[in-house]
2 protein chains.
Amino acid sequence: MATTKKNATPFSDALRFEDGMRLSDRDPRATPAFDGDKADGKEALVAADDELDELQERLYAMSRAGGRRRVLLVIQGMDTSGKGGIMRHVVGSVDPQGVDLKAFKAPTRAEKKHDFLWRIRRALPTPGMIGVFDRSHYEDVLIVRVHDLVPEKEWQGRYATINDFEKELVEDEVTLIKVMMHISADEQKERLSERLERPDKHWKYNPGDLGERAHWDDYQTAYQALLQRCSPEGAPWFVVPADRKWYARLAVQQLLLEHLRALDLAWPVADFDVESEKERLAAL
Amino acid sequence: MATTKKNATPFSDALRFEDGMRLSDRDPRATPAFDGDKADGKEALVAADDELDELQERLYAMSRAGGRRRVLLVIQGMDTSGKGGIMRHVVGSVDPQGVDLKAFKAPTRAEKKHDFLWRIRRALPTPGMIGVFDRSHYEDVLIVRVHDLVPEKEWQGRYATINDFEKELVEDEVTLIKVMMHISADEQKERLSERLERPDKHWKYNPGDLGERAHWDDYQTAYQALLQRCSPEGAPWFVVPADRKWYARLAVQQLLLEHLRALDLAWPVADFDVESEKERLAAL
């Protein structure tokens, strides 16, 4: 069984966006840091469940003892890149009591009255939680840039604003894991086609998606720009090849695991006298 | 394998609280509507995953086509009755994108400025979602009654207020499933003892829990009262024997399943022309 081996390249190293890297050079069908096939990948995903469970519980437990550490997993990607599958199969494997999932849609009228980070700040995870953003503040330099929803001067300024914001989060004990689901245009066509073929998938299909597909190259340019410009210290991007769903799910799970492991989470020590509580209980 | 058989008594029938029923007559170790053992129960739990998944997705899909139906699962029970396990193993098996989990703690200062249903109304599931309340408005006739946190006249009035509120929900296409986790005092002692024995469980232990345990009989009386007084048409209580964790999890899952099945959820019909979309896609 080819699982995720100890001492193998960590996914964090294999997938981290490095200065000057070109998105167009990254193969969406590649499986970095993993040498198995689909069956191996599915097995490895399940095999990591228990460790993920325990680390999440430790993170949560520490917050009950006053710890402020929390995790924020940001998932970005084109339509059909598999964000929903990440939510269902990776985020869904974690205890829902420790997860705070937020999907960002087009901003509401109320949200538009504030700066673009307002709704993001309100959705940040509280201590001990694993926050998950399905889309995020990065839409404000993606769809907004591609469709000129605000003047260029305004969206150009947002890269620096985002960097300042994320530095602030990192200093405030937020472990940021930013993931770009990297899918090819061909694979997107396949997946849209499947949604049209299957009546049980029609509800996921939106004719507007094709309009966005026509802007494929503009979106790739916008992604390249944010990867290059928004990778401050402590908040790098990870580019996850997403043409193989099983690989993308495994990769995001392992990124989460590697970041949790690095926190050296211990069970909090009891702040009460254990022996005297045992005596009290015995008497009741 | 003794699984949940077709044509066997539905869990909804076996567990529904009926007028005049005495909580003290219900055995917390019983396994109504299921004739298997622990291993069978765990197997049955996993075996139902796919159906639950599909029904939840249909519920969600219907909301995208304008449907307003939603589900609200309310879980009440004494400390250590296994509410957390329900969240983790039953709610956690559902796609997190379709679940809205809310745990109610002691009301905050801001919440106390409003009537007791204010925070409840704000947490109701939106169309297509399965809302889950870990504790609920029933705390306002439980801990509040046991400790006289408001004058008796006030909590006495709440039963009728709750009935009106729940009737309103039922008329507004909310499928309500109210579950009382029925645990014995002996089993609670065992579980508190385990929390004290295991350092990885100390964080779950709160010396205040023993104070509440001293009020065991008062809580049972308060539960008996709300079961008897708050079972309006369309919003009955289900009393789930909870001394066996595996059974309680299976029972809650099956209650959810039976209620979803009864909704006759169909995939929504496409509101676009499928063939012309296929042509548009082929050209892109």
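Each chain gets a letter, A, B and so on, in the order its sequence line appears, and its residues count up from 1.
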- Note on the structure: Heavy atoms of B/E277 and A/L210 approach each other most closely as OE1-CD1, 3.7 Å
- Query: Side chain, backbone, both or neither: which part of A/K201 has a heavy atom under 4.5 Å from chain B?
  - Reply: neither
- Task: Could you tell me which portion of A/R88 (side chain, backbone, both or neither) has an atom closer than 4.5 angstrom to a non-hydrogen atom of chain B?
- Result: both
- Message: Please classify the contact between A/A61 and chain B as side chain, backbone, both or neither, with a heavy-atom cut-off of under 4.5 Å.
- Response: both
- Message: Tell me which of these, B/G84, B/A270, B/A266, has more heavy-atom pairs under 4.5 Å with chain A than the rest.
- Response: B/G84
- Message: Need one label for A/N206: side chain, backbone, both or neither, based on atoms under 4.5 Å from any heavy atom in chain B.
- Response: neither
- Rounded distance (nearest 0.5 Å) linking atom CG of B/L281 with atom CD of A/E190: 10.0 Å
- Query: Would you find a donor on one side and an acceptor on the other, under 3.5 Å apart, between the side chain of A/K189 and the backbone of B/L284?
  - Reply: yes
- Task: Count the heavy atoms of every other residue, nucleotide or ligand shown that sit under 6.0 Å from NZ of B/K278, and state whether that count exceeds 12.
- Result: yes
- With a 4.5 Å cut-off on heavy-atom pairs, point out which of A/L101, A/V274, A/D200, A/V269 contacts chain B the most. A/D200
- Under 4.5 Å heavy-atom distance to chain B, tell me which part of A/R280 shows up: side chain, backbone, both or neither. both
- Item | Part of B/D100 lying under 4.5 Å from any heavy atom of chain A | neither
- Measure the acute angle between the ring planes of A/H202 and B/F272, then classify it against the limits of 30° and 60° as parallel, tilted or perpendicular. perpendicular
- Message: Quick check: closest heavy atoms across A/W203 and B/P268, and the distance to 0.1 Å?
- Response: CB-CG, 3.9 Å
- Does the A/R64 side chain pair with the main chain of B/K204, one donor and one acceptor, at a distance under 3.5 Å? no
- Portion of B/A282 that has a non-hydrogen atom of chain A nearer than 4.5 angstrom: backbone
- Message: If we ignore hydrogens and angles and just use 3.5 Å, is the side chain of A/Q97 paired with the main-chain N or O of B/M87 as donor and acceptor?
- Response: no
- Item | Heavy-atom proximity to chain B below 4.5 Å, by part of A/A214 | both
